[in-house]
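Fair warning: this is a prediction, and the values are worked out from it, not measured in the lab.
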Amino acid sequence: NPSTLSWATDQSVSLGRSLKITKTTTGDSSAWVSENMVDYWSERHYKNVDMKIGAWVKTQGVNTSPTADSLRWYIAYTFYDSAGVLIGQTKLPIDQSVATSTGFVADTNAVGQTVLPKDSWKTIITFVAGKNATGTVWADNFILYGRGGAWAGQNWNSGVGVPTGWLYWLPPNGGNDGLLGSGFENTRVTTEAAHSGLNSLKFDLPFNRQTGDAFVGTKRMLLNSLGASVNAGDVLRISVWIKASNLVPDSAAKYPTTWAVGFTPGFWKGNGNNDGFNNVPGYPQDLQFVFPPVTSFDWTQYYIDVTVPSDPTTKALDLRLHPYARFTGTIYFDDLTVQVIGTTTSAGNDKNGLPKTYDLSANYPNPFNPSTNIKFALPVEGRFALVIYNVLGQRVRTVAQGIRSAGEYTVQWDGRNDVGEVVQTGVYFYRLETNSMALVRKMLFLK
């Protein structure tokens, strides 16, 4: 076998993995070839934008001073239009002036080198060892973004650190520019802990990290891929097992919507590469867990029930495992599942008319002035709180709290804070909190 290709853990820039080619003999080329890298945020890569493209590479024992293409290592970006016709290719030779590099080196194109005359609806990245090239090369953190702040489109899963079907979005710029830092360097698939199997997803976020949301999420999946027909009004139970340490209960109490961990489910109108950000209105939606007031806990299952929207365009679902803007600490996620547990009729109420799931309905009216009604449901007797927050995550008003029996309730918020002052015009969040979960929705107050 002339070469070995691996999803390697021995070297990486970020997320704990890289693509590796080890080639010991000549006579045939070797390559990693991507799927279509146009996906998720935008439906295409844009024309007339000066794109910066490339990857971070590390070499060890490669052949030096190549005199023919067959001796060269390179990264290539190949672009195709909406009809599948080739637009062009940018080939980036990997440095072979020395046999072994000093760490990872950014291998990128020149200013003005890659400006597409047409939009690319299919972009393929290849990492290639020529047929007579030898040595070992690692490639990581593939780059595609517009220079000077121009929007070039999104590069799907450019960090190669999570398995097929997953992507990440991590500050400072989502990783699309090949840079991951500001406290997110230790986000990775790890063998340090697992609820089942050998691996889990780890976020290790220090106290002085950059403020900002992050997630590792699934690709969009068609709802009918969940194993049964899924329809509007069906209730999906999303659950995950979590292990946590280095928690800060005081911060969790002060910033419950931003010092938090949870799910962000998104419902979409399709799951194709070129669908772009075709979200169903109202989604993605941030939903937070309520952790116990402790600094650590062992593997615990957390779940949130969501209802499939009635919007007839709803075709697909994605899920983000999500530490929010202020969260610090160490979190391991494992065994994510999505189950259909019934319809809003069957799951919403039992034979005695009591709710079977927690629910927080859209407030009405919305936008509102001077007051709005908020309806929520509790499936079991227990302690709860319904709290209003502003966009900074600061508590504005506790509308209701205490212990209530299972049932459906409606409360009214009069647009005032805890000291009786009318709040400013703007977006506010209302959050149903219990000992086991939290649900959040947003509303608009207009003076």
Considering only NZ, NE, NH1 and NH2 on the basic side and carboxylate oxygens on the acidic side, decide whether D28 and K131 come within less than 4.0 Å.
no

Is E408 close to F376 at the side-chain level, that is, under 4.5 Å between some pair of heavy atoms?
no

With D95, which residues qualify under salt bridge (Lys or Arg N to Asp or Glu O under 4.0 Å), at least two apart?
none

Test ring pair (Phe, Tyr, Trp, His ring centres under 6.0 Å) on Y302 and F289; report intermediate values, then the result.
CA-CA 7 Å; Y302 284 82; F289 304 130; 5.2 Å; yes

For the residue pair F368 and F445, is the inter-centroid distance of their aromatic rings smaller than 6.0 Å?
yes

Quick check: do W413 and R397 have side-chain heavy atoms less than 4.5 Å from each other?
yes

Do the charged groups of R220 and D275 touch, with an N to O distance under 4.0 Å?
no

Please report whether the ring centroid of Y168 lies less than 6.0 Å from that of F215.
no

Crowding at NZ, K269 (>12 non-hydrogen neighbours, <6.0 Å)
yes

Under 3.5 Å: donor-acceptor pair, side chain of R44, backbone of G276:
no

Under 3.5 Å, is there a donor-acceptor pair between the side chain of N109 and the main chain of V111?
no

Are the aromatic rings of W268 and F277 close, with centres under 6.0 Å apart?
yes

For the ring pair F127 and Y74, is the centre-to-centre distance below 6.0 Å?
no

